[in-house]
Visitor: 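First the structure, then my questions, so here it is.
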Amino acid sequence: MSIQITKINFSYPSSSTNLFEDFFVQINDGWTCIAGSNGTGKTTLLKLIAGTLLPDEGKISYGGICVYCAQETAEIPENLYAAFWSDDNEVRHFFSRLCVTEEMLERYDTLSGGEKKRIQIACALAEQPSVLLLDEPTNHLDSLTSAMICDVLKSFNGCGIMVSHDRAFADSLCNRTIYLYNEAHSFAGGRNCIVYDSYPCGLSKALELKSSNSEHSRSEWEKVNAKAASEKDRSAKLEVENQKSKARLSKKIIDPRDHDAQRKIDAARISGKDRSTGDAKARLESQIRQTENKLDSIKKSLQRKEGFSVEGTDFSKPVIIEECEINADRMLNSYSLHIPHIEITRGVKIALTGQNGSGKTLFIRHVISLLEKAGRKDELLYLPQEISDEERCSILSEFYSLEEAERGEVLSTLYRLGSEPERLTQLKQEISAENSELSPGELRKLMIALAVQKPLSLLILDEPTNHMDITSVLALENALAALDSAMIVVSHDKSFLQKITNACLVTKREGNHGEIKML
């Protein structure tokens, strides 16, 4: 079974251009990862396949049932209760494999994001679809939940498509990657619509191949362009020589009574003695046309700068955390966490890992509290998992209050983090939570861009890659890896942590007591 997408055109009513134009692809059984930057139509493509959006032209065909799992899990799946209480063991076993209990059904609204995602996927599999579509299935999931879901999805025998920036998760499932991109943003002279490159491998290897292909394309274009420039330079020199030859063969400057000189010119014209430069130039013009045709056949890959620097890293001061016991709720004394003596100095980049509910957030709040009590709040960049409406307005207000030069620095950093700064400059400066068009991912990058303009001692990043596309994740990853600032990073993205951190703290929980261990 396969999905056949045949020359579809699609545009949103608010857009003057097509998002997809004569787009075609065939997706076969097994798992395929859809990747790409924000705005390249990843979710739109899933919705077109699911039939919740209809193409303006073209056709999408496949057989059997298609189920689409959106990123959001707030809504209770329509088939939850019928599937959970089904008499069919083939249906019910998905719930047992994903550890979904009757008690969880009774309190759906209070479940964690990971628990809701397990229910959502169990309900999707219970439909026994031939096509299963997953949009960012691992956002906010801890490693145990991701592993559990991954294990269940491996048994799916139909055509599975996931949109994901989680390289480890996608690599463990997918044997093909389709990378979507706007051709005009990626190649000189490209069309302003979405195209794709296909790779017969997982996401990590696909990204390596994409980078290698882009470098090869750029190198090949530059080499052929240099050859064309050299040939044109030689042609110009030959043209000068050719004009000199024509001047030598001209009788205009010869005295009409100088018959000897005129005979010599006639002899030179007959013998073709001075035609060599003209013939050489004609041959070179033919070579130039061939070289330019070859140049036109090569896509020139556009390259954008990445990375940023934190101001005044020499200023960085160590952060000392004394050994202590802290409580999640001092009134109820419901959960206590033991913290050992920890010193965080410049260049120490700590990966803070552990299961959800084991105390990572509690530890972060303790570190922030220590810096605030010491009057060092301005030395800290804290990037939380979720940003409130009040914080959103404050961030945007801070940006618009900057001087023009400072704002330019922020926009430059945003660009290097994979954003298109024009979107921010076009926003209304009447800041409110309602009228802000910035996505959560864009807002998080703006927070980083603002913070790195001032001296910092510590960066605390809580799931920084959530809501970010793979382009932004890679740009942020490379930038953080190059920084020598101290940082604490909470993330379930193993690939991200491996690239940027050099130390590890793990939170472990047993009942109402937990501890932090240094690895």
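Any value given below was found using the heavy atoms of this structure, including those in side chains, with hydrogens, waters and symmetry copies removed. Because the structure is predicted, anything quoted here is derived from the model rather than measured.
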Visitor: Do Tyr196 and Phe23 have ring centroids that are under 6.0 Å from one another?
Guide: yes
Visitor: Considering only heavy atoms from C-beta outward, does the side chain of Asp29 approach that of Asn157 to under 4.5 Å?
Guide: no
Visitor: Return yes if some donor-acceptor pair links the side-chain N/O of Lys360 with the main-chain N/O of Gly354 below 3.5 Å, else return no.
Guide: yes
Visitor: Side chain to side chain donor-acceptor pair (under 3.5 Å) for Glu391 and Ser388? Distances and angles first, verdict last.
Guide: CA-CA 5 Å; Glu391 289 171 319; Ser388 68; 3.2 Å; yes
Visitor: Quick one: does Asp462's side chain have a donor or acceptor within less than 3.5 Å of a partner on Thr361's backbone?
Guide: no
Visitor: Could you tell me whether Asp151 and Arg97 make a salt bridge, using a distance below 4.0 angstrom between a side-chain N and a carboxylate O?
Guide: yes
Visitor: So do Glu477 and Leu474 actually touch side chain to side chain, heavy atoms under 4.5 Å?
Guide: yes
Visitor: Among Thr507, Val489, Leu505, Leu497, find the residue that satisfies the side-chain contact (heavy atoms from CB on, under 4.5 Å) test when tested with Thr353.
Guide: Leu497
Visitor: Can you check whether Asp22's main-chain N or O pairs, donor with acceptor, with Asn9's side chain at less than 3.5 Å?
Guide: yes
Visitor: Between atom CG of Asp493 and atom OG1 of Thr138, what is the distance when rounded to the nearest 0.5 Å?
Guide: 8.0 Å
Visitor: Looking only at heavy atoms, which two atoms of Ala35 and Ser164 are closest? And how far apart?
Guide: CB-O, 4.4 Å
Visitor: Does NZ or CZ of Arg407 fall inside the cone over Phe399's six-membered ring, less than 6.0 Å from its centre and within 45° of the axis?
Guide: yes
Visitor: Taking everything shown except Lys499 itself, do over 12 heavy atoms lie less than 6.0 Å from its NZ?
Guide: yes
Visitor: To the nearest 0.5 angstrom, please state how far the SG atom of Cys159 sits from the CD1 atom of Ile3.
Guide: 3.5 Å
Visitor: Find out whether Phe10 and Leu45 are in side-chain contact, i.e. whether some heavy atom of one side chain is under 4.5 Å from a heavy atom of the other.
Guide: no
Visitor: What verdict does the side chain to side chain contact (heavy atoms under 4.5 Å, CB included) test give for Leu132 and Ile161, after you've listed the backbone C-alpha separation in whole Å, the side-chain angles of each residue and the deciding distance to 0.1 Å?
Guide: CA-CA 6 Å; Leu132 180 57; Ile161 305 174; over 6 Å; no
Visitor: Look at the side chain of Ser211 and the backbone N and O of Glu208, then say whether any donor-acceptor pair between them is shorter than 3.5 Å.
Guide: no
Visitor: Which heavy atom of Ala168 sits nearest to which heavy atom of Ser495, and what is that distance?
Guide: N-OG, 4.1 Å
Visitor: Using a 4.5 Å cut-off on heavy atoms from C-beta on, say whether the side chain of Glu463 contacts that of Asn139.
Guide: no
Visitor: With sequence neighbours excluded, give me every ring-ring contact (aromatic ring centres under 6.0 Å, His included) pair touching residues 141-178.
Guide: Trp31-Phe156
Visitor: Rounded to the nearest 0.5 Å, what separation is found between the CD atom of Gln4 and the CG atom of Asn28?
Guide: 8.5 Å
Visitor: Please give me the minimum heavy-atom distance between Leu48 and Pro55, naming the atom from each residue.
Guide: CD2-N, 3.6 Å
Visitor: Start with the C-alpha distance between Phe24 and Ile8, add both sets of side-chain angles, then the distance that settles side chain to side chain contact (heavy atoms under 4.5 Å, CB included), and finish with yes or no.
Guide: CA-CA 7 Å; Phe24 63 93; Ile8 64 168; over 6 Å; no
Visitor: Are the side chain of Ser214 and the backbone N or O of Lys210 linked by a donor-acceptor pair below 3.5 Å?
Guide: yes
Visitor: Give, for atom CZ of Arg191 and atom OG1 of Thr17, the distance between the pair rounded to the nearest 0.5 Å.
Guide: 12.0 Å
Visitor: How close do Tyr68 and Ala50 get, heavy atom to heavy atom, and via which atoms?
Guide: CB-CB, 3.9 Å
Visitor: Determine the minimum heavy-atom distance between Leu180 and Ile194, stating which atoms define it.
Guide: CB-CG2, 3.9 Å
Visitor: Do Leu461 and Leu480 touch side chain to side chain, with heavy atoms closer than 4.5 Å?
Guide: yes
Visitor: Walk me through whether Leu396 and Arg392 qualify under side chain to side chain contact (heavy atoms under 4.5 Å, CB included).
Guide: CA-CA 6 Å; Leu396 291 170; Arg392 174 189 291 267; 4.3 Å; yes
Visitor: Is a donor on one side and an acceptor on the other found under 3.5 Å between the side chain of Asp171 and the backbone of Leu203?
Guide: yes
Visitor: When you measure from the side chain of Ser130 to the backbone N and O of Gly63, does any donor-acceptor pair fall under 3.5 Å?
Guide: yes
Visitor: For the residue pair Ile5 and Ile49, establish whether any side-chain heavy-atom pair is separated by less than 4.5 Å.
Guide: yes
Visitor: Check whether more than 12 heavy atoms from other residues, nucleotides or ligands sit under 6.0 Å from atom CG of Asn502, and answer yes or no.
Guide: yes
Visitor: Whether the Thr145 and Lys117 side chains hold a donor-acceptor pair (N or O, under 3.5 Å, no angle test) is what I'd like checked.
Guide: no
Visitor: Look only at the side chain of Ser15 and the backbone of Tyr12, and say whether a donor-acceptor pair between them is shorter than 3.5 Å.
Guide: no
Visitor: Taking only distance into account, with no hydrogens and no angle test, what donor-acceptor pairs under 3.5 Å do side-chain atoms of residues 72-81 form with protein atoms, sequence neighbours excluded?
Guide:
residue : atom : partner : partner atom : Å
Asn79   : ND2  : Cys123  : O            : 3.0
Asn79   : ND2  : Glu127  : OE2          : 2.8

Visitor: With rounding to the nearest 0.5 Å, note down the distance linking CG in Leu459 to CD in Glu379.
Guide: 12.0 Å
Visitor: Count the heavy atoms belonging to other residues, nucleotides or ligands that lie under 6.0 Å from NZ of Lys47, then report whether that count exceeds 12.
Guide: no
Visitor: What distance separates Leu209 CG from Ser204 OG, expressed to the nearest 0.5 Å?
Guide: 11.0 Å
Visitor: For Ser37, does its backbone N or O pair with a side-chain atom of Lys42 as donor and acceptor, under 3.5 Å?
Guide: yes
Visitor: Suppose we screen for side chain to side chain contact (heavy atoms under 4.5 Å, CB included). Which residues come up paired with Glu115, at least two apart in sequence or across chains?
Guide: Met104, Arg107, Leu111, Ser112, Arg118
Visitor: Which pair of heavy atoms, one from Cys193 and one from Asn18, lies closest together, and at what distance?
Guide: CB-O, 3.8 Å
Visitor: Flag the pair Arg176 / Ile27 as yes when at least one side-chain heavy-atom distance between them is below 4.5 Å, and no otherwise.
Guide: yes
Visitor: The test is side chain to side chain contact (heavy atoms under 4.5 Å, CB included); show your working for Leu98 and Ile149 and say whether it passes.
Guide: CA-CA 7 Å; Leu98 287 167; Ile149 290 174; 4.0 Å; yes
Visitor: For residues Cys99 and Met148, determine if any side-chain heavy atom of one lies less than 4.5 Å from a side-chain heavy atom of the other.
Guide: yes
Visitor: Got a sec: does the CD of Glu403 have more than 12 other heavy atoms crowding it under 6.0 Å?
Guide: no
